[in-house]
Amino acid sequence: MAKDNYLEKLNPPQREAVTHPEGPLMIIAGAGSGKTRVLTYRIAWLIEQGVDPFNILSLTFTNKAAGEMRQRIEAVIGNDAKNLWMGTFHSVFAKILRFEGKRLGYTSDFTIYDTDDSRSLMRTIIKELGLDDKTYKPNYVLNRISSAKNALVSWEAYANNPVYMEDDKAARMPEIGRLYKMYVLRCFQANAMDFDDLLYNTNVLFRDHLDVLNKYQHKFKHVMVDEFQDTNVSQYLITRKLSSVHQNICIVGDDAQSIYAFRGANIQNILNFKADYPDLKVVKLEQNYRSTQTIVNAANSVIARNKEQLEKNVFSENEEGSKIDVIKAASDNEEGRLIATNIFEEKNNNSLKNTDFAILYRTNAQSRAFEEALRKLNIKYRIVGGLSFYQRKEIKDLLAYLRFTINQNDEEAFKRIINLPKRGIGDTTVAKIVVTAAENGKSVWEVVSNINQYIAGRAAQTIDDFATLIKSYGLLIEEGKDAHTVASYIAKTSGLLKELYDDKTVEGLARYENIQELLNSIKQFVDNPENEEVTLSAFLQTVTLMTTADQEDEDGDHDRVTLMTIHGAKGLEFKYVYIVGLEENLFPSQMMLSKRSDLEEERRLFYVAITRAEKKLTLSYAESRYNYGRLNYCEPSRFLEEIDPKYLQISRSRVISYGNSDARNDRPATSSPVPAGFTKKETLISNLRPVQKAAPVNHTPTGDFVASDTSNLKAGDKVEHPKFGYGTVTKMDINGNDRKATIKFDAQGQGEKTLLLSFAKLRIVE
DNA sequence: GACAGAACTGGGTTT
DNA sequence: CAGTTCTGTC
């Protein structure tokens, strides 16, 4: 291959980063500064210097990013690129655990539990321990466990840690430590790891098996980590250990784009990186090649409000570009129509493609209004994220069969398929089997395959038949049949496919096609020459770790408008970007506001969203929005005020026509009382019009507002709310843990509000 | 044990 | 509202 003079295409700091010979390197890469290009060329450069691709480990944020980077490297250095170790933390270390997991007592066929599996297992354990799942919400407990694991706190350490114990007691869940223990044991018995275990166990592996650590330390002469600002403690320690021999660790990141704290990402990793590596070389990439000056400057004016950040000066030398549009809509549905119309017009006026547009929102639930509006205008779109293909019931059903065939200890897969298709085995029998297994310290499969020793009667025969069926699948695996052969055989003989085939409803048909599609993708997996191993076991490992961003379009039509959450948009760019739903309590989210921690992460999220745009940015918000079937009034997000107004251009608010059929979608909640003398339709109009301007809301930080303990709050108490001011409790509504206080606020126009005490921060006024 | 309809209950981002 | 769990009936 002709020598590519790629170094000449780089600016000085980029070139410096690419050609840094040895030793720790930190690349602070501002948004749009050509980070991927630098990372790609650096790997190519290293290989040109004689480093074997086999000795390079590159950790990316999505598997798709890894694949694209591999292709770009291939374009520079040729075929050798396929020997690079590239992928997400989870997929790379899942692969290593497949090789080395037996040191920790797992087989190479361990299952990876996804969030649903974890939740289902936790629910089972909570029930078995006789705890109330209204108090112990499985998701909450799992979050606690997850953050413990990400901080490398074992269940033993958790139970012995007074801080955790006090916190749990204060949250009235003193048994979380016990649940953690049970959960870990059950996963282990099932030969299963959850997402956090993949990292946690890698740490344990490297801690307790120095020969293994040594092997990989010497193998990976260069370790690179992309999106370093989003690594957690567990991931950081892995990379530090792996690179401690050669000290060739190269991290790339942007502290301003750290948006995953909720799953344990620790921004301190990047802020303090220098402390761990005294002879660290730091390169800053500050020129933005992606966006117009207006967009870059507006983004800077927002992020400047954050305190904690590394000093840098991101700038653009591109054209100035047009101002940022701000659109105000009357309702969420109107927001959808305005944005869709806007896309339609821009597309026609500037002859653009659908792929040039992206609509970014804070929560997946917001997509609906945009889908409807785009469909009406015949604009093709794709939704990234949300309920993914692999979360559909029928897909999970077949996958459960496949999982159980590979790993008969997989309790969650077992529970899913034992009565599917219906074979007359109910919850009672299943619970009996699971409990029998747990009590005897046996796996579920040991009980099932010797069912006659444990239970007698009608169910026993059915279960025995089921065991025989699974054993017959096992034979196929032993014969070394590929994933597709086994999977289609199982789909046919398990009765799953037949059941769906017989279902002639529209949904049934769609489900049948989904199964076929899954089988197709397994076929593709088998036929892909890049996959060395095409067994069912190998396929299952990749499936669970598929990122939402990794998923392909369902058909060949790629020219679509993209709808996704801001989190999903990380690393992507679009000519036209619409950031929608800019309302208080939505973005920034209510939960962030009620935690009253600083809003720095939400602000970074806004920054990420803004910097996705190349040419033109549009912001929008609605004045009212449906929430659980109720129409709520919204106020514009504080973030809108944080952009320097000189970059903004406020569109005139449009009046929607109430008379047409669309207005029905904008109707107020049926629960709103129709005032005397009004017809329903008239209330509709008066409700939509901001009749009463809300009292001015003070957005400035409330300083040291300290919320009181509201567990004994009662009617008549005087309270202060940081936003709504002083008020009096008029009514308490207690329903288990769901405690609501209705408060009459003194301020004009505030009126009465009912607040959920678990969210509201109130100060009781003496 | 299966199913239909009633009652209830979420409150966010994802590997 | 939408998705899940509970309850009553066959």
Side-chain angles (χ1 to χ4, degrees), chain A residues 59-65 87-94 112-116 118-119 123 133-134 137 139-140 142-143 146 149-150 193-199 227 230-232 234-235 258-265 332 360-366 368 384-388 390-391 393 419 422-430 458-459 462 542 544-550 564-570 581 585-595 601-602 604-605 608-609 625-632 665 667 669-671 735-738 740 755-756 758-760:
Chain A
L59 297 163
T60 55
F61 204 71
T62 62
N63 289 306
K64 195 177 175 190
T88 62
F89 270 93
H90 289 87
S91 66
V92 166
F93 294 108
I112 299 170
Y113 273 179
D114 68 12
T115 324
D116 288 342
S118 300
R119 199 180 302 127
R123 201 169 283 135
D133 67 356
K134 295 228 166 64
K137 300 228 170 85
N139 277 334
Y140 179 88
L142 284 168
N143 272 334
S146 172
K149 280 184 184 167
N150 285 328
M193 299 191 201
D194 66 16
F195 289 127
D196 303 318
D197 286 335
L198 294 173
L199 305 172
E227 307 282 7
D230 286 321
T231 54
N232 58 37
S234 183
Q235 292 167 319
S258 168
I259 53 173
Y260 279 99
F262 69 89
R263 67 175 204 215
D332 46 357
L360 306 181
Y361 34 75
R362 179 68 235 268
T363 71
N364 281 310
Q366 284 164 256
R368 205 209 75 251
V384 182
L387 188 64
S388 85
Y390 289 99
Q391 286 173 308
K393 184 189 174 300
N419 199 27
K422 302 262 161 22
R423 43 184 137 241
I425 297 173
D427 296 345
T428 332
T429 317
V430 174
R458 193 160 37 96
T462 327
T542 52
T544 324
L545 295 176
M546 285 269 272
T547 327
T548 43
D550 292 333
M564 55 165 69
T565 62
I566 301 169
H567 283 90
K570 189 162 85 153
N585 294 329
L586 185 58
F587 189 20
S589 83
Q590 184 176 28
M591 276 193 162
M592 278 296 186
L593 288 166
S594 59
K595 276 184 196 154
E601 176 148 317
E602 292 283 293
R604 289 193 294 266
L605 196 55
V608 168
R625 180 177 294 278
Y626 273 97
N627 218 334
Y628 295 103
R630 254 157 242 222
L631 192 69
N632 295 326
N665 295 327
R667 74 194 187 286
T670 45
S671 58
N735 182 8
N737 278 356
D738 206 0
K740 290 175 191 154
L755 304 172
L756 202 54
S758 45
F759 285 115

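Throughout, protein chains are lettered first and strands after them, A, B, ... in sequence-line order, and every chain is numbered starting at 1.
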Exercise for review: State whether the aromatic ring of A:Phe262 stacks on the base of B:dT14, taking stacking to mean ring centres under 5.5 Å apart and ring planes under 30° to each other.
Suggested key: no
Review point. Looking for any heavy atom pair under 4.0 Å, which part of the strands does A:Tyr260 touch: base, sugar-phosphate only, or nothing?
Key: sugar-phosphate
Review point. What is the distance, rounded to the nearest whole Å, between atom CG of A:Asn232 and atom P of B:dT13?
Key: 20 Å
Practice item. Report the residue (A:Lys422 or A:Ser589) whose heavy-atom-nearest nucleotide on DNA chain B is the more 5′ of the two. Key: A:Lys422
Check your understanding: Tell me: OH of A:Tyr390 to P of B:dT15, nearest whole Å?
Key -> 14 Å
Exercise for review: Can you figure out which of B:dG1, B:dT13, B:dG10 approaches the side chain of A:Thr429 most closely?
Suggested key: B:dG1
Check your understanding: Which nucleotide sits closest to the side chain of A:Glu602: B:dT14, B:dG12, B:dG11?
Key -> B:dG12
Check your understanding: Which of the following nucleotides, B:dA2, B:dT15, B:dT14, is nearest to the side chain of A:Asn419?
Key -> B:dA2
Practice item. Sequence neighbours left out, what passes side chain to side chain contact (heavy atoms under 4.5 Å, CB included) with A:Thr542? Give chain and number order. Key: A:Phe525, A:Phe539
Point to revise | No-hydrogen, no-angle side-chain donor-acceptor test under 3.5 Å, A:Arg263 and A:Asn232 | key: no
**Study point:** Nearest-neighbour nucleotide for the A:Asn364 side chain, B:dT14, B:dT15, B:dG12 considered
**Key:** B:dT14
Review point. If you check every side-chain atom of A:Thr565, which of B:dG12, B:dA2, B:dT13 has the closest atom?
Key: B:dT13
Review point. Out of B:dA2, B:dT13, B:dG10, which nucleotide sits closest to the side chain of A:Arg362?
Key: B:dT13
**Study point:** A:Asp197 side chain near A:Lys149 side chain, heavy-atom distance below 4.5 Å
**Key:** yes
Revision key, fill the gap. Rounded to whole Å, NZ of A:Lys570 lies from P of B:dG12 at a distance of 21 Å
Study note, to complete from the structure: From OH of A:Tyr140 across to P of B:dG10 the rounded distance in Å is 15 Å
Review point. Just how far, in rounded Å, is C1' of B:dG12 from CG of A:Asn139?
Key: 11 Å
Check your understanding: Angle class for the A:Tyr260/A:Phe61 ring planes (parallel below 30°, perpendicular above 60°, tilted otherwise)?
Key -> tilted
Revision key, fill the gap. A:Ile259 CD1 to B:dT15 C1', in whole Å, measures 13 Å
Check your understanding: Between B:dT13 and C:dT4, how far is it from one P atom to the other, in whole Å?
Key -> 15 Å
Practice item. Give the rounded distance in Å between these two atoms: NZ of A:Lys64 and P of B:dT15. Key: 13 Å
Study note, to complete from the structure: For A:Asn419, the side chain to side chain contact (heavy atoms under 4.5 Å, CB included) test, sequence neighbours excluded, returns A:Lys422, A:Arg423, A:Ile425
Review point. Whole-Å distance between B:dT14 C1' and A:Phe89 CZ?
Key: 16 Å
Exercise for review: With the side chain of A:Met591 defined as its heavy atoms from C-beta on, choose the nearest nucleotide among B:dT13, B:dT15, B:dG12.
Suggested key: B:dG12
